[in-house]
Amino acid sequence: MTWRSAKVVGLHDETATARTLALAVRDWPGHVAGQHVDVRLTAPDGYSAVRSYSIASAPNSDGRIEITVERLPNGEVSPYLTQEVIVGDELELLGPIGGWFVWRSYQSESIQLVAGGSGIVPLMAMIRSRRLAGSSAPFRLLYSVREPEKVFYRDELRAFSNQDDSAVITYAYTRVTPKDWPRPAGRIDASLIARGTWPSNVRPTSYVCGPTSFVEHATDLLIAAGHDREKIRTERFGATGERK
Amino acid sequence: MNASLNYLDGNAAAGELSRIFTVDITSAEGQCANCGAKRRFAEAHLYSHCPGLVARCALCGHVLLRLVNVGQRVLLDLTGMRYLTLHPTQQPEASS
């Protein structure tokens, strides 16, 4: 696999600290929902830094992808991608990468998505892929997020859950809840898993994405609720949120 | 952050491995040479905050893979795995 040139063709703020970049990629071979790309930035002195970012957009044939980048206070790459980059800039990109944490549109079984913070990104690609393919696979999303203002893709997720009964979203707020929210702020727990995810007898395939500690916790809860470890796929971010 | 949680998944090595192998190693099933567990490479625990990459068995912690870039050379140690089952015809990028 070789590095490809990618031109920034659109920018869109998801939250105060996260930005979606639309990229037109030269000779893009297409991707599967859940895959990621490596982005390489090279300074004039030759120093280069590589980071992995999940693809947010559904597979398509127009040679464009979207990534959503959360700005990290001490990040090397994310401040540039979320604050400095302008339309027309060129980046170097390797991908699509990864064949395990993927959802293919022919999968008809029930799907449980569990997102921690910006872990929503590859799961959003799956939700978008489902819609684009006209799939009726029953999807549930449990989305754990610090506070309402940190929710990515808010309007699109609302439309997703309104469109049919087989797409259900449960939000969990860890620090600040919306007004009159029934559940106090806190990390996900067994009762939320019981209420917001498929029962284990449905035997869903689960995709869990987020920081390592979140993924450990969520996976342990799913297994304690009777889910089969073999049917849980995970993708962890590093402590810094930058994957390498 | 708990130091013992300072790892990622084998997934995160996919970019580095794609520079060497033409098939996706992360979705291949490998057997740990120590405990015999059969898991997808993507499910291994990956330690990447070092000069190279170290993947450990998610079950017993045995080192499955070490990869280090030394100048223009790549050193790869796979002795921690008894075998890998690859799917050469299954292209991950073959979009459905």
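Convention: sequence-line order gives letters A, B, ...; per-chain numbering from 1.
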Who in residues 33-41 of chain B is close to chain A, using a strict under-4.5 Å heavy-atom cut-off? R39(B), R40(B)

Is the backbone N or O of T212(A) less than 3.5 Å from a side-chain atom of D9(B), with the two atoms forming a donor-acceptor pair by type? no

Pairs satisfying salt bridge (Lys or Arg N to Asp or Glu O under 4.0 Å), at least one member in residues 43-59 of chain B, at least two apart: none

Taking everything shown except R66(B) itself, do over 12 heavy atoms lie less than 6.0 Å from its CZ? no

Which residues satisfy the side-chain contact (heavy atoms from CB on, under 4.5 Å) test with E90(A), sequence neighbours excluded? S5(A), K7(A)

Kindly list each side-chain donor-acceptor pair under 3.5 angstrom involving residues 134-147 of chain A, sequence neighbours excluded, with atom names and distances?
unit_1: S135(A); atom_1: OG; unit_2: A137(A); atom_2: N; d: 3.0
unit_1: R140(A); atom_1: NH1; unit_2: T197(A); atom_2: O; d: 3.0
unit_1: Y143(A); atom_1: OH; unit_2: F152(A); atom_2: N; d: 3.0

Would you say that more than 12 heavy atoms from the other residues, nucleotides or ligands in this model lie under 6.0 Å from the CZ of R229(A), or not? no

I'd like to know if the side chain of D24(B) and the backbone of G99(A) have a donor-acceptor N/O pair within less than 3.5 Å. yes

Rounded to the nearest 0.5 Å, the CG atom of N11(B) sits from the CD atom of Q35(A) at a distance of 10.5 Å

For S18(B) and L94(A), which heavy atoms make the closest approach, and how far apart are they? OG-CD2, 3.9 Å

Exceeds 12 heavy-atom contacts within 6.0 angstrom, atom CZ of R40(A): yes

Which pair of heavy atoms, one from D38(A) and one from G15(B), lies closest together, and at what distance? OD2-CA, 3.7 Å

Over all atoms of both residues, closest heavy-atom pair of W100(A) and T26(B): CB-O, 4.2 Å

